[in-house]
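Here the structure comes first, spelled out in structure tokens, and everything after it is commentary.
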Amino acid sequence: MSTEFSAETELRSAVERLPANSLKPLRQSALTGFLKTGFPGVKQEDWRYTNLQAAVTLSQRWLSADRGSIKKLPDSAASVLQQLQEQIEADWIVVASGQAFLDGSTISDADISVRLLSTDPQAAEQINTADPLSSFNAALMTDGLVIRIASNSVIKRPVAILLFDDSDTAAALSNARIVIDAGVNSSCQLLEIHRSHGAAEQFSNTVSQVNLQAGSTVALTRIQDREAHHLHTGRVAARIGADASFNITSIDIGGALIRNDVAIDLAEAGADVTMNGLYLASDNQHIDNHTRVDHRVGPSTSSEEYRGLLNGNARCVFNGKAVVHIGADGSDAQQSNHNLLMSDKAEIDTKPELEIYADEVKCSHGATVGQLDPVSLFYLRSRGLDKDQATRILTSAFATKIIEESPVAAAHDYLQQRSKACLERIIAGDSK
Amino acid sequence: MLKIRNLHASIKGTEILKGLSLEVNAGEVHAIMGPNGSGKSTLAQVIAGHVDYEVTSGSVTYQGKDLLDLAPEMRAREGIFLGFQYPVEIPGVNNTYLLKAALNAKRKHLGLPEVDAYEFMKLIREKMKLMEMDPSFLKRGVNEGFSGGEKKRNEILQMALLEPTLAVLDETDSGLDIDALKVVANGVNTLRSPERGIILVTHYQRLLDYIEPDHVHVLSGGRIIRSGDKSLAHDLEERGYDWLSEAVSA
């Protein structure tokens, strides 16, 4: 059973009101698909720990209020962009309220093509609507962002996408769609920076789909750093071709209710993926990370490490599924999930799932849940560091590994700085 | 400098130290020997302030202060150093960072200005030379991937840097080959001075060939059953611990 959605009429008319571009038929069919299922509900196995009711209610109210799309880049987005540009060496594009603003793009590399989805029929044809949230996203997308990397090109400067939502004056609902296509033997680094602003409630539902053609290498590092009362669902779906290699690193340090889905299709021989993640949660935050990797042919490799640090009443979920299909012989799937609980009220539900239908497969998984190692704490204190300082050092060392392993080196300092600030808040919460 | 009177300490309800008394004066090197399980490591941990050990009775005073009242970090800043039997690996925490933070925590406590990066590097390079350590190790995580010998050298390096007033070295000789043992002993001997006290906790007499103790104590069943000079260590080497335990229980 799904979460009750009672704004069908409002949704239909909101879809009607969107700009009349070539995406119209696509939106209509996504709408039909969505209305068949509605939002996922807690009775579905994949959603049993995460109740989307607050996001559904917000969406209904937003749709009933008959809000239109924005025409220009809000000042709040421009100022966040400016700060980020000073901190990270990259080329930038902004997606505000789910809408791509190409006029502000700083991309000049001739090997990168940046377009709106409405002007790229080939990309529009491949829009992923495989799950209810992707359908909802496709039904309500104003326009999408398409980034194509030319075959055989090596892109040196990371391409950074700021996904920004403003609910300063009124509630906000946004559905950003990003399509990335990496050409044969190309390589690139991408950043998704999720930020938000505004006292009113907001729900952002983003979908990024990545296609890695044969021999390509793509790193996508994503930091969800939204304000503490905002809701977010985000999906990254990637199809990985022959001998192509994908690194997806997901860092969650913000938001109230967060659900991330990473869906990886190792479609051809030699396909490889690394899925790493870090979630730092406190107070009443809820962060759910679901990943799924399909080894369709062999040999193909996947490795995954998620780390979480929880304090206060935080509730986190990790579910990592690896499916090794018939014939995907010689596949290798490694997975681990490590959690530090700083409070006895925090809760983590961690579940590895392996389904293996092939031979000669190497699979491993491991999950740990614990407190800061008391021996390490004592060691540092015996060297003169006080308990707070020792705690800060150990928690930051725990988190650092995931950031340092992100191939997007240009963002390391920024990511370290944001996660350190977040850890400071989380640890301070401990002494309250 | 250190006065331990009738100390009783337990861990998880099991009493390990059962009335231990010991006095260490400035300038002295004391060796604490004894069979496995006699309470040697417990004594070292209690002096450093490990929270898992509960002192049920007795007293420990250090430079006239009640040591048991101080948090582990305060003991360190007041000049107590514990060289761990099993130094902890802390991946993600850089050695330089820890060494500098430890030194500055102590200096701040003593009202001295913190050392800057330049002064620190100069100081640490000098100490590393003494310990025959490669400078590249500074960039590594604390004890991360170190061999047993490297970990022990790192402990003595920390000690050399922090220049403690009272150093307690817990089985620093275990797991060392003869060359590493000499380096470690040299590090300790360099620190020997009329202002410092050193307690060597060891199972074997071997270390004492390189660091000559002023006093040797034999710990058994949670208390000191015999004290003497360095010749006691030689007797133990020849006759084992049993003759002493038997002599005591007889």
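Note on naming: letters A, B, ... go to the chains in the order of the sequence lines (proteins, then strands), and numbering restarts at 1 for each one. Keep in mind that what you see is a predicted model, and the values were worked out from it rather than measured.
With a 4.5 Å cut-off on side-chain heavy atoms, I90(B) and L380(A) count as touching. Contact annotation: the side chain of L385(A) approaches that of L98(B) to within less than 4.5 Å [non-hydrogen atoms, C-beta and beyond].
Contact record, G49(B) with F378(A): C-CE1, 3.6 Å, taken as the closest heavy-atom pair. Contact detail for A105(B) and G384(A): the closest heavy-atom pair is CB-O, 3.3 Å.
Contacts between P87(B) and chain A at a heavy-atom distance below 4.5 Å involve backbone atoms as well as side-chain atoms.
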Donor and acceptor N/O pairs, chain A versus chain B, under 3.5 angstrom:
residue	atom	partner	partner atom	Å
Y379(A)	OH	N143(B)	ND2	3.4
Y379(A)	OH	E155(B)	OE2	2.4
Y379(A)	OH	Q158(B)	NE2	3.2
R381(A)	O	E73(B)	N	3.4
R381(A)	NE	E73(B)	OE1	2.7
R381(A)	NH2	E73(B)	OE1	3.0
R381(A)	NH2	E73(B)	OE2	3.4
R383(A)	NE	Q158(B)	OE1	2.3
R383(A)	NH1	L82(B)	O	2.9
R383(A)	NH2	L82(B)	O	2.9
R383(A)	NH2	E155(B)	OE1	2.7
R383(A)	NH2	Q158(B)	OE1	3.3
G384(A)	O	R77(B)	NE	2.8
G384(A)	O	R77(B)	NH2	2.9

